[in-house]
*Asks:* 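Starting off with a structure, shown below.
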Amino acid sequence: MADVIYDVIIIGCGVSGFAAAIYSARFKLNTLIVGKVSGGTINNAKEVENYPGFKSISGIDLGDRIRDHATSYDITLKETEVISVEKNKGGFTVRTKKEDFSGRCLIFATGTAHRKLKIPGEERFHGNGVHACALCDGITYKGRTVAIIGGSDSAAREALILSEHARKVYIIYRGNDIRAEPINKKRVEDNQKIEIIRNTNITEIMGKGRVVESVMLDKEYKGSKVIALDGVFVNIGHVPLTSLTHSLGVKLNEKKEIMTDTEGKTNVAGVFAAGDCTGFFWKQAITGVAQGCTAAYSAYNFLKR
Amino acid sequence: MAWQILVLVIIGSIELTGATRVITMEKKIIIYSADNCPWCRKLKDFLLDNSVEFIEKNVNLDHEAANEMITKSGQQGIPVIDIDGKVIVGFNRDAIEQELGL
Ligand SMILES: Cc1cc2nc3c(=O)[nH]c(=O)nc-3n(C[C@H](O)[C@H](O)[C@H](O)COP(=O)(O)OP(=O)(O)OC[C@H]3O[C@@H](n4cnc5c(N)ncnc54)[C@H](O)[C@@H]3O)c2cc1C
C-alpha cells in the first residue's frame with residue numbers, strides 16, 4: 001500500500017491533465033499526475049494556431065510549456081502507464097506496473113487513441129505503409145504518393161503536412177465535403193498536390209511483401225476502383241481511453257466517453273474527468289484545458305466539504 | 001560519417017530519493033530519428049534526462065540509416081531505438097526503462 005495519500009490523482013498527462021494539476025497545486029492540494037507521455041495528443045500537431053496567447057506554436061512546444069508550468073508547482077509527475085484503478089476505504093488506489101498510489105479523489109484526463117479502419121491490410125502494413133501521424137511518419141514519403149483517409153480538420157491539416165514531402169496526396173473521404181476549418185479548407189483547395197476523392201470508402205490496403213502498392217475503393221474513381229500509392233494515413237477520428245473507469249462504475253455515453261456535468265463531475269463521488277476522454281462535444285486543447293481547470297476546482301470543493 | 005566510427009559505451013546514472021545509486025550500463029544505443037518528429041524529441045529528452053548516451057541517425061538525411069532501421073524494425077515509422085540489439089518502435093517509455101534497467 002502507498003504511504004502518501006494524495007488529495008488528487010490526475011490520470012493522463014496531456015494538456016487537460018496538466019491544466020488540472022496547475023489549478024490543483026494552486027488550491028494547495030497534494031497532487032499526483034500520472035500518465036504515459038507528457039503532452040499527449042497535442043504532440044502530433046505541427047502548428048497550433050488557435051490556442052490563445054500563441055499565434056502559432058508547435059504542438060510539442062505547447063505541451064512542454066504547459067507541462068513546465070505545471071511542474072513549476074509542488075506536484076508529483078510520474079510518467080508511466082496506469083494498469084488499474086480501484087476504490088479503497090478513504091478514496092482510490094491507482095496501480096502502475098511499478099508502484100501503487102492512493103488518492104482521495106481522481107481526475108481522469110486519459111484522452112483518446114486513433115480509430116482504426118478495420119479493413120484488410122491495415123494490420124499487415126501497420127507502421128509500414130499504414131500510419132496515423134503525418135508529422136511523425138510523413139517524412140519517409142518524400143516524392144511518393146500517399147492518401148489521407150478522413151475529412152476532418154485534422155485530416156486536412158495532415159494532408160497539408162504530407163504535401164510538404166509527397167509528390168501527390170489523396171484525401172479519401174466518405175462524406176461529400178471535407179469538414180475542415182474554412183481557413184484550412186482553403187489551404188487544401190489551393191494546394192496543387194492534394195486531390196479529394198469524395199463519397200468514397202476505402203475497403204482494402206494491398207501490396208507485396210512489406211510494401212503497400214495500392215488501395216481498393218468501394219466505387220470507381222476516374223475509371224478504376226484501385227488507386228496506386230505508397231502509403232495510407234488513417235485519420236478517421238479517435239476512440240476514448242476510458243476502460244480504466246469500468247471498475248469504478250463511472251457512467252459512459254454510447255461512444256464510451258466519460259459523462260460529466262458542467263462542473264466536471266462524474267456519477268461517482270470523488271471522480272472527475274476532463275478533456276478528450278469526456279463526452280464534451282468539442283475536442284481541442286483549449287477546451288480540454290478549461291475542463292481540466294474546472295475538474296480541479298470541483299475536486300477542491302469536494303475535498304473541502 | 002561520424003556515427004560509423006563512433007561506438008559509444010554508455011554510463012548512465014540515476015538518483016533515487018533517499019540514497020544515490022549509480023547504475024553503470026554498458027550498452028550500445030542507437031536511435032533512428034528525423035527533424036521535426038515530436039516523438040523523436042520526446043525520446044531524446046528522456047535519454048538526456050537520464051544521462052544515457054546514444055548515437056543518433058537521421059533517417060531523413062541518411063538513406064543507409066533509413067534502410068538499416070527498416071531492416072531492424074520491419075517498419076518505417078520513427079523513432080526507433082536499438083538497445084544492444086533489442087529494437088523498440090516508437091517512444092515506449094516503460095519498455096525502454098525496463099531495457100535500460102532504470
Ligand atoms: C494531428 C492533430 C492536430 C491537432 N491540432 C489541434 C490544434 O491545432 N488546436 C487544438 O486546440 N487542438 C488540436 N488537436 C486536438 C488536441 O490535441 C486535443 O484536443 C488535446 O490534446 C486533448 O488533450 P487531453 O489532455 O484531453 O488528452 P491527450 O492529449 O490525449 O492526453 C491523454 C494522456 O493520458 C495518457 N493515458 C491514457 N491512458 C493512460 C493509462 N492507462 N495510463 C497512463 N496514461 C494514460 C495518454 O498517454 C496521454 O498522455 C489536434 C489533434 C491532433 C491529433
Side-chain angles (χ1 to χ4, degrees), chain A residues 3-4 13 34-48 58-64 67-68 76-83 96-99 123-142 144 161 164-165 209-212 230-231 233, chain B residues 14 16-18 21 23 31-50 52 56-82 87-102:
Chain A
D3 318 331
V4 184
C13 56
V34 51
K36 265 191 268 182
V37 185
S38 67
T41 302
I42 203 70
N43 288 326
N44 294 332
K46 186 176 181 226
E47 290 298 329
V48 175
S58 71
I60 190 169
D61 280 341
L62 180 62
D64 282 358
R67 176 203 58 202
D68 292 347
T76 306
L77 165 64
K78 298 273 180 185
E79 287 187 82
T80 187
E81 182 173 2
V82 174
I83 307 295
T96 70
K97 270 188 202 150
K98 288 184 185 164
E99 294 171 84
E123 288 307 322
R124 178 179 158 202
F125 295 110
H126 175 77
N128 219 0
V130 177
H131 306 269
C133 171
L135 185 57
C136 317
D137 302 333
I139 222 149
T140 50
Y141 289 92
K142 222 187 282 176
R144 296 157 82 192
I161 293 173
E164 290 170 19
H165 311 291
R210 282 214 222 122
V211 182
V212 166
D230 306 295
F233 285 74
Chain B
I14 59 165
L16 298 177
T17 14
R21 193 154 65 102
I23 294 184
I31 69 166
Y32 299 88
S33 71
D35 298 336
N36 300 324
C37 147
W39 300 102
C40 304
R41 185 167 127 189
K42 287 278 167 196
L43 170 62
K44 283 188 275 181
D45 285 351
F46 166 76
L47 295 174
L48 293 170
D49 285 349
N50 285 283
V52 174
E56 183 177 3
K57 298 188 182 181
N58 188 318
V59 296
N60 196 29
L61 306 175
D62 181 347
H63 271 280
E64 225 173 288
N67 289 334
E68 187 179 293
M69 179 194 87
I70 293 168
T71 310
K72 278 187 189 174
S73 68
Q75 57 88 59
Q76 45 187 315
I78 44 172
V80 167
I81 181 166
D82 172 350
V87 176
I88 300 169
V89 177
F91 177 38
N92 183 339
R93 189 188 176 105
D94 286 340
I96 296 167
E97 278 184 357
Q98 195 181 348
E99 205 54 42
L100 292 175
L102 292 172

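Per chain, numbering begins at 1; letters A, B, ... match sequence-line order.
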*Asks:* Chain B heavy atoms under 4.5 Å from A:S38: which part of the residue, side chain, backbone, both or neither?
*Replies:* both
*Asks:* Given heavy-atom pairs under 4.5 angstrom as the criterion, report whether the side chain, backbone, both or neither of B:D94 touches chain A.
*Replies:* side chain
*Asks:* Taking the six-membered ring for Trp, are A:H131 and A:F233 ring centroids under 6.0 Å apart?
*Replies:*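 Yes, close enough.
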*Asks:* Tell me, for B:D35 versus chain A, whether the close heavy atoms (under 4.5 Å) come from the side chain, the backbone, both or neither.
*Replies:*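 For B:D35, the contact with chain A is made by the backbone alone.
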*Asks:* State which residues pass side-chain hydrogen bond (donor to acceptor under 3.5 Å, both in side chains) with A:N128; sequence neighbours excluded, sorted by chain then number.
*Replies:*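 Listed in chain order: B:Q76.
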*Asks:* Are any side-chain N or O atoms of A:R124 and backbone N or O atoms of A:G209, one a donor and one an acceptor, separated by less than 3.5 Å?
*Replies:*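 Judged by distance alone, yes, a pair lies under 3.5 Å.
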*Asks:* Look at B:S73, B:S33, B:G74 and state which one has the largest set of heavy-atom pairs under 4.5 Å with chain A.
*Replies:* B:G74
*Asks:* Any luck finding a side-chain donor-acceptor pair between B:N60 and A:K142 under 3.5 Å?
*Replies:* yes
*Asks:* B:P79, B:P38, B:C37: which one forms the most heavy-atom pairs within less than 4.5 Å of chain A?
*Replies:* B:P38
*Asks:* Quick check on A:D61 against chain B: is it the side chain, the backbone, both or neither that has a heavy atom closer than 4.5 Å?
*Replies:*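 Contact with chain B: backbone and side chain both.
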*Asks:* Could you work out, with side-chain hydrogen bond (donor to acceptor under 3.5 Å, both in side chains) as the rule, every residue matching A:K98, not counting sequence neighbours?
*Replies:*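 With sequence neighbours excluded, A:K98 shows a side-chain hydrogen bond (donor to acceptor under 3.5 Å, both in side chains) to B:E97, given in chain and number order.
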